[in-house]
Amino acid sequence: MKNSERKNQTYSNRVLVAEFDDNWRTSLSNAGYVVYTATRDQAKVELLLQGDLKKLLIFPRNGRVLVGGGGTSHFSKPHRTIDL
């Protein structure tokens with residue numbers, strides 16, 4: 001692991017691919033966002049970002065990732081980010 005940080009709420013429009021582990025529930029919000037909700041502590045999402053950067057995000061139970069139009073992703077607080 002290169003770098004690990006605790007983050008508050010963040011967002012990104014650079015996500016190309018997001019791989020969720022088996023600890024997530026998927027729903028759709030009234031505003032049209034796809035909402036991923038962590039069902040367990042240590043729920044993981046591996047991201048491939050523009051510029052060939054890879055990150056691992058680790059969420060507590062009930063953490064959320066919202067994905068909207070145009071590829072914008074919102075990540076709830078707190079979560080841990082690790083550079084891969």
Side-chain angles (χ1 to χ4, degrees):
M1 289 184 263
K2 294 181 183 177
N3 188 16
S4 175
E5 295 181 84
R6 186 166 190 250
K7 297 281 192 175
N8 283 320
Q9 186 169 333
T10 59
Y11 73 94
S12 177
N13 61 359
R14 301 178 1 176
V15 177
L16 299 175
V17 177
E19 297 276 335
F20 291 80
D21 69 9
D22 293 333
N23 299 313
W24 295 89
R25 180 180 71 241
T26 306
S27 60
L28 188 61
S29 76
N30 291 338
Y33 284 93
V34 177
V35 180
Y36 298 90
T37 305
T39 58
R40 300 181 72 142
D41 283 333
Q42 302 294 310
K44 296 178 175 87
V45 182
E46 190 170 322
L47 302 177
L48 174 60
L49 304 174
Q50 292 174 354
D52 205 29
L53 298 171
K54 292 183 181 179
K55 295 201 178 265
L56 177 66
L57 278 57
I58 303 171
F59 289 82
R61 185 171 187 251
N62 293 321
R64 292 185 178 207
V65 176
L66 284 75
V67 179
T72 301
S73 300
H74 299 266
F75 308 101
S76 69
K77 61 181 179 180
H79 63 274
R80 186 160 210 66
T81 302
I82 301 169
D83 294 336
L84 300 177

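Please read all numbers here as calculations on a predicted model, not as lab measurements. Hydrogens, waters and symmetry mates are skipped; everything else that's a heavy atom, side chains included, is used.
Listed by first then second residue, pairs satisfying ring-ring contact (aromatic ring centres under 6.0 Å, His included) with a partner in residues 34-53 read F20-Y36, not counting sequence neighbours.
A salt bridge between K54 and D83 is absent, with no side-chain N of the basic residue lying under 4.0 Å from a carboxylate O of the acidic one.
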Give the C-alpha distance, both sets of side-chain angles, the deciding distance and a yes or no for side-chain contact (heavy atoms from CB on, under 4.5 Å) between L57 and K7. CA-CA 10 Å; L57 278 57; K7 297 281 192 175; over 6 Å; no
Stepwise side-chain contact (heavy atoms from CB on, under 4.5 Å) test for H79 and V65: CA-CA 10 Å; H79 63 274; V65 176; over 6 Å; no
Please report the C-alpha distance between V15 and L49 in whole Å, then the side-chain angles of each, then the deciding distance to 0.1 Å, and finally whether the side-chain contact (heavy atoms from CB on, under 4.5 Å) criterion is met. CA-CA 5 Å; V15 177; L49 304 174; 3.7 Å; yes
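Clustering of Ile, Leu, Val, Met, Phe, Trp and Tyr side chains at separations under 4.5 Å places V17 together with L16, L48.
Checked against side chain to side chain contact (heavy atoms under 4.5 Å, CB included), S29 has the following partners two or more places apart in sequence or in another chain: A31, Y33, V35. In this structure K44 satisfies the side-chain hydrogen bond (donor to acceptor under 3.5 Å, both in side chains) test with no other residue, sequence neighbours excluded. With sequence neighbours excluded, the residues forming a side chain to side chain contact (heavy atoms under 4.5 Å, CB included) with R61 are D41, listed by chain and number. Looking at residues two or more places apart in sequence or on another chain, you find no salt bridge (charged side-chain N to carboxylate O under 4.0 Å, His left out) involving K77.
Of all non-hydrogen atoms in A38 and A43, the two that sit nearest each other are CB-CB, 3.6 Å. When every heavy atom of V34 is checked against every heavy atom of T26, the shortest pair comes out as CG1-CG2, 3.8 Å. The shortest heavy-atom contact between P78 and F59 is O-CD2, 4.5 Å.
Formation of a donor-acceptor pair under 3.5 Å by the S73 side chain with backbone atoms of V67 is not found in this model.
Note that the CZ atom of R64 and the CD atom of Q9 stand 11.5 Å from one another [nearest 0.5 Å]. In this structure, CG on N23 lies 5.0 Å from OG1 on T39, to the nearest 0.5 angstrom.
If you chain together hydrophobic residues whose side chains sit under 4.5 Å apart, F75 and L53 fall into the same group.
Each of V45, T81, I82 was evaluated against I58; a single residue qualifies, I82, per the side-chain contact (heavy atoms from CB on, under 4.5 Å) test.
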